[in-house]
Amino acid sequence: MKISQTLFVTLKEEPADAEVRSHALMVRAGFIQQIAAGIYVYGPLMWRVLRKVEAIVRAEHDRVGGQELLMPALQPRELWEESGRWGRYVADKILYHFQDGRGRDVCLGPTHEEVITNFVKGKLSSYKQLPQTLYQIQTKFRDELRPRFGLMRGREFIMKDAYSFDADAESMAASYAVMREVYRRIFTRCGVRFTPVEADAGAIGGSGSEEFMVDADTGEDAIAVCRSTGYAANTEKAVSQIAPAPPAPAEVAMHREPTPGAKTCADLRALFPGLPLERMLKTILYRAVWADREQTVAVMCRGDREINVVKLQNHLGCLSVQLAEEKAVKAATGAEVGFAGPLGLQADVQLLADRSVEGVQGFLCGGNETDVHVLDVWFGRDLPQPPTYDFGLVQAGDLTRDGQGTIEITRGIEVGHIFQLGTKYSESMDCRYADEQGKLQPFHMGCYGIGISRTAAAAIEQGHDEAGMIWPLPIAPYHVMLIQMRAGDEAQDALAQELHDQLEAAGAEVLWDDRKMGAGAKFKDADLVGIPLRVVIGRDAGDRKVEWKPRVGGEVEVISADDVLGRVQAALAAASA
RNA sequence: CGGGGUGUACCUCAGCGGUAGAGGGGAAGCUUUGGGAGCUUCCAGCCGCGGGUUCGAAUCCCGCCACCCCGACCA
């Protein structure tokens, strides 16, 4: 393809609003254009990348018998009431929903469990048809509270979602294992470095769940990993062994002390230098919302630890948990924020504790009175220890749960997420098959998502340098950048045309820079767009000599034009191996 | 949803009471031709929207909207 005949427009200047490199580079290179917050046009080059990712995704799903279909983006409320998710998604403000011309509630699909379940109902009716996996690649809509980082978190984005249907839990686990392998193959083929991690199932629900994270410091997700044991989990889900409670001090009666302005553990450390953080118990107030009620929940936690809201929400089984507002804190404690404690909370507040408080005695906690904390408090003596659960957030340096290794926190971009749903949707939506005895049984389902557009962005986040993008060959918009130094030069025109035709005939995709521009500009554009293989046709064209100049690595080599095809084919073969 | 910031040409921005600007970009011409080349001419703007103050508003005031950032939140 000749650049002179394509919509190829690059920008010299950085877009002011791009925070991450992938976003800035894609805008500069004309790959994307923002239309509104989190909503983008994918330009021709970007679309080629997306189609390549899609092709890999399709090939790997088809390889294990996946069947592609296409479901509607526009969906009726009734379907979402059947699964019981309308309320939660509306409460989370993530659902685009509105009334159509006749006053019917509809939404733009953020995910498709409801539609797929409805679709297979009555079609998959016998155990003889199982297992089956269906998938689609389609635009998803989510009204993210804060879209950001270009394609990383959009409100409209391209996703592959797959759904498996099995007879029982064991078979579901087998289907899940197959998909886990499919995912590994997909991301490996895309040429990105990634880490599979244990994950929280969140709003989707179900039992087992793993995420596929592209390793990148700019990723939004924090991951707990252990090099020695291989443990890897999203910090939302991760469990660890925490340092034991410090020894109890000599037992003295609890006493209230003035602590003016001391609202944080750091403030209190300054006030009581002899008291270790581990003997300060914070009490944090949350507002938990269920479909039919709300409650203030107080959670105690050791001073050196943090609460993991996801674990708390899962324990409570509620729709959402957020930090209580100042007003609610005052109502529950009778004090300003920063002085909450377990003693003397309002009766309607549920008191829970993270397991980090277990064994802590003679501790400090909030006094439920502004500028007052209580010291030398003992569980058992001064108050019963609240029920404890694991609500803790893992921290770097924690031991793994088995004690065999140390946890590090790294970051990643979530590009895939797989779930064992179990019978959650098939039960609620009454989607069943007949087993060998002719008895109706709910399907055991799995669901599997890949952010297609996010994967492309993540590849850039991982592959770029000062000058621009560096695409992995399998998902690059073109394989070869053919840079012709002087358009109009007879020898160069002829050789470029010849190489272009030869390479294309051999199945290589060639972007031919035939523009009448300065050399510098062409090289800058080539660096920016990041097509991995590059051939420069310049002054030696008359002697059938060209330069072999890959986007990264390797020295520039002057080679015979007759060797170009071989080089390109070797690179393509190596990339698909 | 809280806090902060920004809206001026297709892009990046300057101008901050007195005739709408620069650079990039695009068009034309001449020169140039291996890492964003030079000169000349031209193109391009309801200064986010609405109200107010003023002889006069891009500029000051009020309201709204959009976008960005931090937080909250999030498959």
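Reminder, nothing fancy here: chain letters follow the sequence lines and each chain counts from 1.
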Query raised in the report: If you look at every strand shown and take non-hydrogen atoms under 4.0 Å, does A:G449 touch a base, only sugar-phosphate, or nothing?
Result: nothing

Query raised in the report: Does B:A57 have a Watson-Crick or wobble partner in any strand here, with both distances under 3.5 angstrom, and which is it?
Result: none

Query raised in the report: Going by distance alone, is a donor N or O of one side chain under 3.5 Å from an acceptor N or O of the other, for A:N234 and A:D200?
Result: no

Report task. Please work out if A:E210 contacts a base, only the sugar-phosphate, or nothing of the nucleic acid, heavy-atom cut-off 4.0 Å. Result -> nothing

Query raised in the report: Where does the angle between the aromatic ring planes of A:Y135 and A:H61 fall among parallel (under 30°), tilted (30 to 60°) and perpendicular (over 60°)?
Result: tilted

Query raised in the report: A:V309 side chain: which of B:C73, B:G36, B:C67 is closest?
Result: B:C73

Report task. Name the closest nucleotide to the A:E144 side chain, picking from B:G35, B:C74, B:C67. Result -> B:C74

**Report entry** Sugar-phosphate only, base, or nothing, as touched by A:R28 at under 4.0 Å among non-hydrogen atoms
**Finding:** base

Requested in this report: Please tell me which of A:G38 and A:H112 maps to the more 5' nucleotide of RNA chain B, matching each residue to the nucleotide holding its nearest heavy atom.
Outcome: A:G38

Query raised in the report: What is the nucleic acid contact for A:E325, judged by heavy atoms within less than 4.0 Å: base, sugar-phosphate only, or nothing?
Result: nothing

Contact list (N/O, under 3.5 angstrom) for nucleotides 38-41 of chain B vs protein:
none

**Report entry** RNA chain B: 5'-proximal contact among A:E236 and A:E14 (nearest heavy atom)
**Finding:** A:E14

Query raised in the report: Quick one: does NZ or CZ of A:K424 land under 6.0 Å from the six-membered ring centre of A:F419, within 45 degrees of the ring axis?
Result: no

Query - Candidate nucleotides B:G34, B:C69, B:C74, ranked by approach to the side chain of A:E19 - the nearest - result: B:C69

Report summary line: Per atom distances to the A:F523 side chain, the nearest of B:G24, B:G34, B:A72 is B:G34

Query raised in the report: Using a cut-off of 4.0 Å on non-hydrogen atoms, how would the nucleic acid contact of A:K516 be classed: base, sugar-phosphate, or nothing?
Result: nothing

Report task. For the pair A:H112 (side chain) and A:A162 (backbone), establish whether a donor and an acceptor sit closer than 3.5 Å, ignoring hydrogens and angles. Result -> no

